[in-house]
Amino acid sequence: MSLDFKLARPFSRWRLKPDVGEPSYGYFAREVADEGHDSLRVYANEIGLDGRDINPEQLLHSLERLPLDQMYKDRLRYATPILREGFYSLGHERLRQKQVSFQTRRFCPKCLCENRFHRVWWDIVDLHACPVHEVLLATDVQGHRLNWSWPHFDNSPQGYPLTKVSVTQTEGTSLRLHSLVLNRLTSGERESGSLAGYDLFDVIDGATFFSRWMQSDNPAKLGPPSATDVEYGFSILELEEGDLRECIRDWFVAKVPEEALRNGFHASLPGFSGYWRNRPSSRLRSYIETVLFEEFAKVGTLGRKFVRYRPSERGERTLLETARELGLPPKGVSKFAQKLGLLPYAKWNGDALSFNEDTFRKLKDAVEDLIPSTDTWDIAGLPSHEFRVLVKAGKIQEFFGLPVDGKRGGRVSARAVTSLIRKLTDSVQRKTRREMMTFFSYAKHLGISQGDLALRIVEGNLVPDAVDQERPGFRSMYFNPPQVVSGAQNDAEENAHHEADLVTLWECFRSRLNEVCPAFKVPDDACGDFQIFTSNRKLAMTVTASARAFCLVLTLHPELTRRRWDRYQEDKEELRRVAASGRWTPTADGKGFDITFNVTTRSQAREMATMMNGLKLILA
């Protein structure tokens, strides 16, 4: 046979026919084996072709000289990668040069059992499995790699049957990307859905990106995925846009450190630019980049240029925007956020602060929880000047520069005060008894202010003996009365229930009242009808004295004692409890009450002093 004939017809026979999905080099290898040769490279060199490297298009031109039906020639051309403008054209699809490899032969032993020919999709680098039989592609035979110099599809060079090579099941791993590629390359038609408008190289680029990013321990080095990991990325890529955005946003929040989020998009995804720089002409990149940027904007910090470009899509607020929304000065908000530790990675020496949605929500909640330091009575049960003792001692944190509702002055957290009170009272289980001293009475007994007594309790130097859960703050705390050691006091206690003359009763009452509630100014002697007042004259009681008794009368009237009546309306139950020993009678006009307390014994005289202290706390 002449050389010209060999070049015109590379094979002496052509009984084998190209199959669907079989590329030129696969069919060429089968023809070489059918001619009885064992080396594709040697045979190619003998007929004037370059046998050193696989050139699919050169082999295709050689095979098209065979007298095959046009249908088979079209089938070969459709399944052969042809290099055009830096891309391999494969039928109606395009693949990057790096996405296809002819260095070694990969195969599915189960496919070879059914029909012994090479499928072109086995040469796509990022595909690692057979979607038909759901097994990983074989890459070697008994530890030896196959290359294209060996043309046979029945046995390896060592004689081992290729159909008997062990395979690994994919164990339920989705092979949707593999199936998509197989369908496109065999049917020539594209699937329906959002990815139908993109070439295979675009789809593989996008799926590989999500696989490398979301499965990488180091996002700065987006290494190649292994085995069927690319399918994980494809499961993300094929989501509907709404679901894709939610998935990406959740990923940023869960996986990217807060410090990286605050340093910007490229700090949170350092490998992004490098990955796409090596993959030019990608139309899918712009879609992925837009989704990533817009979702990152909701949870991270973007550069100010991007902020100006898409202000409505940004999820973070600048310090000025945050202050305006809260109705507070920026300087006060900055210091408040710093004290709360809401921005742990911020550089407070001039850093441009920004607040994501979660941080802003925490900040807003903290602002709404603030109350003026002077309005803590209902929680702490202490006058504002006494409460300041705890503030100055650092037991309660005070914030300034936050004029909520336009009201200036220091503010404290209502939750912090409530938490402090609960910590002090929850461990006390004993109930109050009649003979116990109130918090205020005990402070007077010790000769210290209410704030100092509260500080002793907070510091753990003193524990209340009982707690009345119906009363707020420190007012709920009660203490056992101290033991009386003097002989005169012992004698008085011994005869406390005995009746006595007016002078004795009055002296007993006056001395006890000066002890527990010195705010009342009480005359040394009782004679006829007169009144006793607190030092600020906010509470007055009428005294009527007789030979062996005296009585106290307190008037509550909406018109005659308006302020006192309002305080009564605010705390009726407490006043009723304190004044339980008195006789409540309606006033002549029926609008108010006269509360009368009769004192006939020394015991009553001492109890009356404690009762008057309780009245002062409520009404004065």
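- Here CD of Glu191 is found 4.0 Å from CG of Leu180. Values are rounded to the nearest 0.5 Å.
- Between Phe252 and Phe296, the ring-plane angle classifies as perpendicular under the 30° and 60° cut-offs.
- Ion pairing between Lys364 and Glu325 fails under the 4.0 Å rule for side-chain N and carboxylate O.
- Annotation for Cys111 and Cys130: closest pair SG-SG, 3.6 Å, computed over non-hydrogen atoms.
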Dump the intermediate steps for side chain to side chain contact (heavy atoms under 4.5 Å, CB included) on Trp213 and Leu292, then the final yes or no. CA-CA 12 Å; Trp213 176 40; Leu292 285 172; 3.7 Å; yes
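- Residues His37 and Val42 have side chains not in contact (no heavy-atom distance under 4.5 Å, counting atoms from C-beta outward).
- Residue pairs that meet the side-chain hydrogen bond (donor to acceptor under 3.5 Å, both in side chains) test with at least one member in residues 97-108, sequence neighbours left out, are Gln99-Asp205.
- For the pair His144/Ser156, no side-chain contact is recorded, criterion being any heavy-atom separation below 4.5 Å from C-beta on.
- Applying the salt bridge (Lys or Arg N to Asp or Glu O under 4.0 Å) test to every pair with at least one member in residues 20-33, sequence neighbours left out, gives these pairs: Glu22-Arg30.
- Residues passing the salt bridge (Lys or Arg N to Asp or Glu O under 4.0 Å) test with Glu64 are Arg77, sequence neighbours excluded.
- When atom types are taken as modelled, the side chain of Thr186 and the backbone of Leu182 share a donor-acceptor pair closer than 3.5 angstrom.
- A 4.5 Å side-chain heavy-atom check between Tyr27 and Leu66 finds at least one atom pair inside the cut-off.
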Does the pair Trp148 and Tyr25 meet the rule for a ring pair (Phe, Tyr, Trp, His ring centres under 6.0 Å), with working shown? CA-CA 8 Å; Trp148 280 108; Tyr25 46 90; 5.1 Å; yes
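- In plain terms, the two heavy atoms of Glu93 and Leu185 that are nearest each other are CG-CD2, 4.2 Å.
- Counted within 6.0 Å of CD on Gln158, heavy atoms from surrounding residues, nucleotides or ligands total more than 12; the atom is thus considered enclosed.
- Between the side chain of Lys17 and the backbone N or O of Arg15, at least one donor-acceptor pair lies under 3.5 Å.
- In this structure Arg361 satisfies the salt bridge (Lys or Arg N to Asp or Glu O under 4.0 Å) test together with Asp358, sequence neighbours excluded.
- The minimum heavy-atom distance between Met214 and Ile248, with the atom names listed, is CE-CG1, 4.5 Å.
- In this structure, the ring of Tyr43 has its center less than 6.0 angstrom from the ring center of Phe11.
- Glu114 and His133 form a side-chain donor-acceptor contact under 3.5 Å, judged by distance and modelled atom types alone.
- Between Trp276 and Phe209, the ring-plane angle classifies as tilted under the 30° and 60° cut-offs.
- Of the possible polar contacts, one joining the Asp202 side chain to the Leu284 backbone as a donor-acceptor pair under 3.5 Å is found.
- Within 6.0 Å of CD on Glu85 lie no more than 12 heavy atoms contributed by other residues, nucleotides or ligands.
- Within the 4.5 Å cutoff, no side-chain heavy atoms of Val412 are placed close to those of Leu370.
- Looking at heavy atoms from C-beta onward, Pro81 lies out of side-chain contact with Leu95 at the 4.5 angstrom threshold.
- Remark: Arg41 pairs with no residue by the salt bridge (Lys or Arg N to Asp or Glu O under 4.0 Å) rule, at least two apart or across chains.
- Annotation: cation-pi geometry satisfied between Arg119 and Phe117 (NZ/CZ under 6.0 angstrom from ring centroid, within 45° of ring axis).
- Note on residues 243-257: pairs passing salt bridge (Lys or Arg N to Asp or Glu O under 4.0 Å), not counting sequence neighbours, are Glu241-Arg245, Arg245-Glu294, Arg245-Glu295, Arg249-Glu295.
- The CD1 atom of Ile124 lies 6.5 Å from the CG atom of Leu90; values are rounded to the nearest 0.5 Å.
- Looking at Arg190, Arg96, Arg283 one by one, the single match for salt bridge (charged side-chain N to carboxylate O under 4.0 Å, His left out) with Asp199 turns out to be Arg190.
- Once rounded to the nearest 0.5 Å, the distance linking CD of Glu289 with OG of Ser273 reads 7.5 Å.
- Below 30°, between 30° and 60°, or above 60°: for Phe293 and Phe272 the angle between ring planes is between 30° and 60°, a tilted geometry.
- Side-chain atoms of Leu146 and Asp140, non-hydrogen and from C-beta on, never get closer than 4.5 Å to each other.
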After noting the C-alpha distance and the side-chain angles of His92 and Tyr78, does the key distance pass the ring pair (Phe, Tyr, Trp, His ring centres under 6.0 Å) rule? CA-CA 8 Å; His92 301 303; Tyr78 186 86; 5.6 Å; yes
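- Looking only at side-chain heavy atoms (C-beta outward), Val167 and Cys108 stay at 4.5 Å or farther from each other.
- The backbone N or O of Ser39 lies less than 3.5 Å from no partner atom in the side chain of Ser149, so there is not a single donor-acceptor pair.
- Looking at Thr290, its side chain does come within 3.5 Å of a backbone N or O of Ser286 through a donor-acceptor pair.
- With contacts defined as side-chain heavy-atom distances shorter than 4.5 Å, the pair Asp123/His118 qualifies.
- Residues Ser24 and Leu63 come closest through the heavy atom pair O-CD1, 3.4 Å.
- With values rounded to the nearest 0.5 angstrom, Leu363 atom CG is found 6.0 Å from Leu342 atom CG.
- Trp251 places no side-chain N or O within donor-acceptor distance of the main-chain N or O of Val256, the cut-off being under 3.5 Å.
- Shown here is Arg324, whose CZ atom has no more than 12 heavy atoms of other residues, nucleotides or ligands within 6.0 Å.
- At least one donor-acceptor pair closer than 3.5 Å links the side chain of Arg279 to the backbone N or O of Tyr275.
- When atom types are taken as modelled, the side chain of Arg75 and the backbone of Pro18 share a donor-acceptor pair closer than 3.5 angstrom.
- Heavy-atom minimum distance, Leu237 versus Gly206: CD2-C, 3.9 Å.
- Between the side chain of His178 and the main chain of Ala129, a donor-acceptor pair closer than 3.5 Å is present.
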Go through Leu60 and Leu76 one step at a time and tell me if the side chain to side chain contact (heavy atoms under 4.5 Å, CB included) criterion holds. CA-CA 7 Å; Leu60 175 64; Leu76 267 178; 4.0 Å; yes
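- Between the side chains of Asp50 and Asn55, no donor-acceptor pair is found at a separation under 3.5 Å.
- Note: Leu40 CG to Trp150 CH2 = 12.0 Å, rounded to the nearest 0.5 Å.
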Show the numbers, then the answer: is there a side chain to side chain contact (heavy atoms under 4.5 Å, CB included) between Arg184 and Ser187? CA-CA 6 Å; Arg184 286 193 181 189; Ser187 69; 5.9 Å; no
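- Atom OH of Tyr72 sits about 9.0 Å away from atom CG of Asp19, to the nearest 0.5 Å.
- Between Pro56 and Phe102, the closest heavy-atom pair is CG-CZ, 3.6 Å.
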Take Arg94 and Leu200 through the side chain to side chain contact (heavy atoms under 4.5 Å, CB included) test and state the conclusion after the steps. CA-CA 6 Å; Arg94 291 195 305 163; Leu200 271 183; over 6 Å; no
